[in-house]
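Below is one structure, written out as structure tokens; the observations come after it.
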Amino acid sequence: MAFKIKNAPSFLFLFLIFHATLTTTTSSSSGHWVQLQRSIGISAMHMQVMIDNKVVIFDRTDFGPSNISLANNRCRFNPHDMTLKLDCTAHSVLYDPSSNTLRPLTLQSDAWCSSGSLSPDGTLIQTGGFNDGYNKLRTFTPCPNHNQCDWLESPRNLSNSRWYASNQLLPDGTIIIVGGRSSFTYEFVPKNEMSFHFLNFLRLTRDPNRGEENNLYPFLHLLPDGNLFIFANRNSILFDYKNNRVIRDFPVIPGLEKRNYPSTGSSVLLPLNLTGLNGTRLPDAEVMVCGGAFPGAFGLATKFKVFLEASKTCGRLRVTDAEPQWVMEKMPTPRVMPDMVLLPDGNVVILNGAMNGTAGWENAANPALCPVLYRPGSNQGFRFQSLAPANTPRMYHSAAVLLPDGRILVGGSNPHRLYDFRSIYPTELSLDAYYPDYLGPKWEPVRPTIVAVEETNDTASHGRMFSVTFSLRELRTVPGISVSLVAPSFTTHSFGMNQRVLVLDVVAVREVAQFGYKVVARGPPSLAVAPPGYYMLFIVHAGVPSTGVWVQVK
Ligand SMILES: *[C@@H]1O[C@H](CO)[C@@H](O)[C@H](O)[C@H]1NC(C)=O
Ligand SMILES: *[C@@H]1O[C@H](CO)[C@@H](O)[C@H](O)[C@H]1NC(C)=O
Ligand SMILES: *[C@@H]1O[C@H](CO)[C@@H](O)[C@H](O)[C@H]1NC(C)=O
Ligand SMILES: *[C@@H]1O[C@H](CO)[C@@H](O)[C@H](O)[C@H]1NC(C)=O
Ligand SMILES: *[C@@H]1O[C@H](CO)[C@@H](O)[C@H](O)[C@H]1NC(C)=O
Ligand SMILES: *[C@@H]1O[C@H](CO)[C@@H](O)[C@H](O)[C@H]1NC(C)=O
């Protein structure tokens, strides 16, 4: 497998973290929050970081006007729109974190509760939605040097309706789309013909009460052996999607809580650590699932506006063990609709959501304002830390993604059918950034700055060697230098699709100049460990990450 550095210079720049004009709300070792925009005109239901560092954000289209107009006084006429057939407002924007500016984009059909993934060349492939969007395939290709690019609707359709489905990029560069409301199937894009495959697991994990499926937006993780981990409701399987074969059923997660929509929890594949494996052994893989809701919570919230306390637990399952067993842990507070964001330093931030209720219209109360840091490598009992509280409740229909500069971009929250700015948890059009502690000024002397990424000609091992030159004012520890690759995820409904962190095998670290160092690392050993595409590469020194630069794995 080759490991290629993205050559366009505009991709390899480092951006400035802006602190000048914006207000810092809190500041301590638990990070701080900054409001970036009071209104971006839409509620950030879905978010994807693109390889030119911009962020595609979109909402649904059929609730009436948004708070931002389409460009050039354009309007969209859609006879299928259920609320506003002639609509001159935008339901998607392209946000540029480096300048803190945005421009409206044009979605033609309804992308509500849809899914997506970057293709290996960095195009956003977005799949499904609602109503006239059930079977739609849309693309957005970045245009770093001009402002013309917009959404394109593909003439090809999906084979099945995909409303609340999940996607995962595969080793061959295709994307698998799994599930969706009333679709107990999966399919692949791109493809040439109408085709889909049944997956009985999706039928078995569906709860029968109306609206209370508890298996939507299944959690998908591509494992190092090339099979797919799928979690829905309380169950999980190891799935060979090539042969439509369930290889094993994992134990049911302990506790009564259900973990998928509308009892929405979240899940990540914990960082795959390739340190010391010499490119010859596959890494262990461990999945983590956090939060959710107890049985009956959805019905009580919908019918009686009684909001049960959410789940407090997280479960970890080392799926590569011979006999995997869930290990349960307790979060500091209960949480439903959490977002879990993997950081370049190998830790996880759990944020957004509520402490009572479930996902769905007006179904939650008691916003969970404090993010929680989770350190997977620490001893049990020392892994969770409460972080600086946010000012803005982010409940149903909110999202969070890691930016290449190490911040977490947080937006959305609209638990209402329409835009409603008067209720207790109003439709949120604002955009915040959470600055983890590692971005604090006290870490500046030990923060690495990437200068160049070069491939070496050593191809003795599976994973090809490459080197990263970086500058650093104060070298603290040589063994404390690591190289991580972070895949840009498509995030909606508390699940970051394709989210993945690889801690690469570092072979050598050399001083090459005063304050200048070169680290030689081994590229990922296979396309199942790192599916093809662009990743943010970070150097982490003494727990402090550089700004990320884009590299291509192919
Ligand atoms: C959105 O537009 C409505 C109607 O013009 C207005 O009442 C509301 O304050 C705006 N909301 C925000 C957050 O800008
Ligand atoms: C895709 O679906 C639309 C209806 O949503 C239909 O008009 C169109 O013909 C379909 N395209 C193909 C290639 O089947
Ligand atoms: C990797 O290589 C080193 C040095 O040759 C060796 O000591 C170590 O055991 C190897 N590790 C694995 C997992 O093969
Ligand atoms: C949340 O749940 C707790 C525990 O059941 C309960 O005491 C509290 O009243 C609930 N809060 C809301 C706002 O419903
Ligand atoms: C990766 O594994 C190495 C060797 O076991 C360990 O020292 C390091 O802390 C791990 N890194 C992460 C981010 O888990
Ligand atoms: C790279 O190739 C050059 C020229 O063939 C050779 O001299 C050098 O030793 C090679 N370097 C590595 C790291 O293999």
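Computed from a predicted model, the values in this text were never measured in an experiment. In listed order, ligands and their atoms are each counted from 1.
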Quick one: side chains of residues 65-73, donor-acceptor pairs under 3.5 Å with protein atoms, not counting sequence neighbours, listed by atom name and distance.
from, atom 1, to, atom 2, distance (Å)
Ser66, OG, Ile68, N, 3.3
Ser66, OG, Ile68, O, 3.2
Ser66, OG, Ala90, O, 2.6

* Could you tell me which atoms of ligand 2, counted from 1 in the order shown, lie closer than 4.0 angstrom to a heavy atom of Lys136? => 5 (O)

* Show which atoms of ligand 1 fall inside a sub-4.0 Å distance from at least one heavy-atom site of Leu429. => 12 (C), 13 (C)

Show me, pair by pair, the donor-acceptor contacts under 3.5 angstrom made by side chains of residues 317-327, not counting sequence neighbours?
from, atom 1, to, atom 2, distance (Å)
Arg318, NH1, Asp284, OD2, 3.4
Thr320, OG1, Ala285, N, 3.0
Trp326, NE1, Pro251, O, 2.8

* **For ligand 5, the residues whose heavy atoms come within less than 4.0 Å (ordered by chain, then number)** => Asn273, Thr275, Val503

* Heteroatom distance test (Arg156, ligand 2): nitrogen or oxygen, under 3.5 angstrom -> no

* Hey, mind stepping through Val503 and Leu274 against side chain to side chain contact (heavy atoms under 4.5 Å, CB included) and telling me if it holds? -> CA-CA 6 Å; Val503 181; Leu274 301 163; over 6 Å; no

* Cation-aromatic face contact Arg138/Trp151, 6.0 Å, 45 degrees -> no

* Asked: Would the Phe63 and Tyr419 ring centres measure less than 6.0 Å apart?
  -> yes

* Atoms in ligand 2 with a heavy atom of Pro155 nearer than 4.0 Å -> 11 (N), 12 (C), 13 (C)

* In sequence, state the C-alpha distance, the side-chain angles, and the governing distance for His397 and Trp361, and then conclude on ring-ring contact (aromatic ring centres under 6.0 Å, His included). => CA-CA 10 Å; His397 287 155; Trp361 306 131; 5.7 Å; yes

* Closer than 4.0 angstrom: is that true for some heavy atom of Arg38 and an atom of ligand 1? -> yes

* Using ring-ring contact (aromatic ring centres under 6.0 Å, His included) as the criterion, list what pairs up with Phe470, not counting sequence neighbours. => Tyr517

* Taking side chain as C-beta onward, heavy atoms only, is Val410 less than 4.5 Å from Arg394? -> yes

